[in-house]
Amino acid sequence: MIRGAKDRLQASIRIEIRGDGQRFLHAAAREGLPLRRVRREGPLLLAELRVKDAQKLRRALRLSRCSMRIRRRQGLPFLLAFWRRRPLLLLLPILLTLGFCLLSACIFRVEVSSPEPLPAGDYQRVLQTARENGLFPGRFLWQVDQEHCQRQISLEFPELFFVEISRRGVCMEIRIAKRISLSPAQQPRAPGDLVASCDAVIQDVLVRRGTAAVRSGDTVLKGQVLIYGWQGQEGAVAADGIVTGRVWASAYAECPTRLQKLEPSGRQRSLLQLRGEKGALLTLLGDPQAFPRGELHLQSRPLPTWRNLFPTVELLYGTVDEFCPREYSYSYAQARKIAEREAELSARARLAAACDISSTSIRHRWVEELQLEEDLARVQVRLEAESQIGLYVENLREEPPLPEVLPPKEES
């Protein structure tokens, strides 16, 4: 590696020899001319040598009666001579570097971003305020006081609680965030109690604020107070906490082994009617009784008015779909599964109606079969679940509930 770097620093030339190359090589060997990278290229002989051996090269050319042409000059002396003849080229990298530095310090674009969508008018107002304080495209970074601009935007828009100006490449980004308005559920609540939303057996009580009225293992009814809205010296407060209880729901369903249903056959007829002011119908197209078991699907549209004429009739249009009875035959096991599925769906719907479905988890499931007839499957499904049963109710009271602290539970 050191030798290669030394060769690059020394002045050398690449030449091509025209004539008898074999004779030139013999003459170069007689004169002691060191040649490197000697190779043939058609009738030409290519070689490389140092400039300080040029005198030996002339004698070898004269002895071999060959001609020479320089293909390339390389080395530090030739490079210095090139820059000495063209001094302005040395300024080009410096000018390019300065130009890139100026372009990178220039502001090409100003953007406004927010975590939540804002009206277009708010974006334009923020950009206008930034322009008035010196932040706009075409300015350089050292010409903009970012802290002053942030302060002015915050003063101009009191509804903003966060304003930050940051650089992203050649773009200046103004990040803003509005104050979040609390929803009615998050607003401070008036003093009140936490009551049971359904009948349950208390599993766990976690009191955040207030006084507990029940303990684990107690049975409560719907509307019974779970956490009183009263806390020591603070007086009346909004009761808050998590009360988990065990709840139950049951449902009954049956399914015969032979079941007949009405299903659409795919046949239909178009129907067009006029309905008068007193409900009288005039059929213009089709027959409402086209099928023995048919179902009407009609849409109504009032007739267009003209000048001061207002029609008192209404246009009805649609179709009459045919339904045909279809009989299904199930085994007793299949009918039992259908009845069990319908009963479980009904029980789950009752749980969802009584408790918060997002905090309800099924723990146990019992299936009871009521076999009275061979051709009818009867099933009752009972579900046990854990759910948060606390429901907040406002209750202004002037005196604390008694007892304020529950006595310890006696062990049986």
Side-chain angles (χ1 to χ4, degrees), residues 196-203 219-224 244-273 275 279-281 283 285-300 316-389 391:
S197 61
C198 60
D199 301 344
V201 174
I202 302 300
Q203 191 79 11
T219 301
V220 296
L221 302 178
K222 182 177 180 181
Q224 184 175 340
T244 306
R246 287 185 297 167
V247 295
W248 290 267
S250 61
Y252 166 83
E254 59 184 27
C255 178
T257 55
R258 291 184 176 273
L259 183 62
Q260 190 174 18
K261 294 183 180 179
L262 289 177
E263 295 185 352
S265 64
R267 299 173 57 192
Q268 59 179 210
R269 295 288 185 268
S270 300
L271 186 64
L272 183 63
Q273 294 178 325
R275 182 164 57 190
L281 292 176
T283 302
L285 177 65
D287 183 10
Q289 307 295 332
F291 304 112
R293 296 181 180 86
E295 184 175 342
L296 297 178
H297 298 278
L298 297 178
Q299 298 180 3
S300 63
L316 302 178
Y317 62 95
T319 59
V320 182
D321 297 336
E322 183 186 22
F323 282 77
C324 297
R326 183 176 178 182
E327 186 172 340
Y328 292 88
S329 296
Y330 304 111
S331 64
Y332 185 81
Q334 292 175 338
R336 182 184 179 279
K337 287 184 179 180
I338 295 174
E340 181 180 341
R341 184 170 62 249
E342 293 180 357
E344 183 173 354
L345 291 176
S346 300
R348 288 179 179 271
R350 292 182 181 179
L351 280 179
C355 310
D356 184 7
I357 191 63
S358 61
S359 62
T360 302
S361 58
I362 306 297
R363 295 301 181 186
H364 299 286
R365 174 176 174 270
W366 295 276
V367 179
E368 183 180 359
E369 183 180 359
L370 307 175
Q371 187 173 0
L372 301 178
E373 302 177 14
E374 295 183 357
D375 59 346
L376 186 64
R378 305 167 186 253
V379 172
Q380 184 173 8
V381 175
R382 188 159 58 98
L383 301 178
E384 179 185 343
E386 288 186 2
S387 177
Q388 297 180 17
I389 61 172
L391 179 64

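The first residue in the sequence is number 1, and the count goes up from there.
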Review point. Can any side-chain N or O of Asp321 pair as donor or acceptor with the backbone N or O of Gln268 at less than 3.5 Å?
Key: no
**Study point:** Residues Asp287, Arg269; criterion side-chain contact (heavy atoms from CB on, under 4.5 Å); working and verdict
**Key:** CA-CA 8 Å; Asp287 183 10; Arg269 295 288 185 268; over 6 Å; no
Check your understanding: Checking side-chain contact (heavy atoms from CB on, under 4.5 Å) for the pair Lys337/Tyr330: CA distance, chi angles, key distance, verdict?
Key -> CA-CA 10 Å; Lys337 287 184 179 180; Tyr330 304 111; over 6 Å; no
Practice item. Mind listing the closest non-hydrogen atom pair of Asp199 and Lys222 along with its distance? Key: OD1-N, 2.7 Å
Practice item. Calculate, to the nearest 0.5 Å, the distance between atoms OG1 and CG belonging to Thr319 and Leu272 respectively. Key: 12.5 Å
Practice item. Taking the side chain as every heavy atom from C-beta outward, state whether Gln203 and Ile389 have any pair of such atoms under 4.5 Å apart. Key: no
Practice item. For Glu342 and Ala253, work out which heavy atoms get closest and say how close. Key: CB-CB, 4.0 Å
Check your understanding: Which atom names give the shortest non-hydrogen contact between Val320 and Pro288, and what distance separates them?
Key -> CG1-O, 4.0 Å
Practice item. Could you pull out all residues at least two apart from His364 that satisfy ring-ring contact (aromatic ring centres under 6.0 Å, His included)? Key: Trp366
Point to revise | Value rounded to 0.5 Å, distance of CG in Leu271 from CG in Leu285 | key: 7.5 Å
**Study point:** Glu384/Val201 under side-chain contact (heavy atoms from CB on, under 4.5 Å): CA gap, chis, key distance, verdict
**Key:** CA-CA 11 Å; Glu384 179 185 343; Val201 174; over 6 Å; no
Practice item. Would you mind reporting whether Arg348 and Ile362 have side-chain heavy atoms less than 4.5 Å apart? Key: yes
Point to revise | side-chain contact (heavy atoms from CB on, under 4.5 Å) between Glu344 and Arg365, worked out | key: CA-CA 9 Å; Glu344 183 173 354; Arg365 174 176 174 270; 3.0 Å; yes
Side-chain donor-acceptor pairs of residues 255-263 under 3.5 Å, sequence neighbours excluded:
unit_1, atom_1, unit_2, atom_2, d
Thr257, OG1, Asp375, O, 3.4
Arg258, NH1, Glu327, OE2, 3.3
Arg258, NH1, Ser329, OG, 3.4
Glu263, OE1, Arg326, NH1, 3.4
Glu263, OE1, Tyr328, OH, 3.3
Glu263, OE2, Tyr328, OH, 2.2

Check your understanding: Does a donor on one side chain sit under 3.5 Å from an acceptor on the other, for Glu386 and Thr244?
Key -> no
Study note, to complete from the structure: One should read off an interatomic distance between Tyr252 OH and Ser346 OG, to the nearest 0.5 angstrom, of 12.0 Å
Study note, to complete from the structure: Heavy-atom nearest pair, Leu316 first then Arg275, reads CD2-NH2, 3.9 Å
Exercise for review: Of all the heavy-atom pairs spanning Ser387 and Cys355, show the shortest one and how long it is.
Suggested key: OG-CB, 3.2 Å
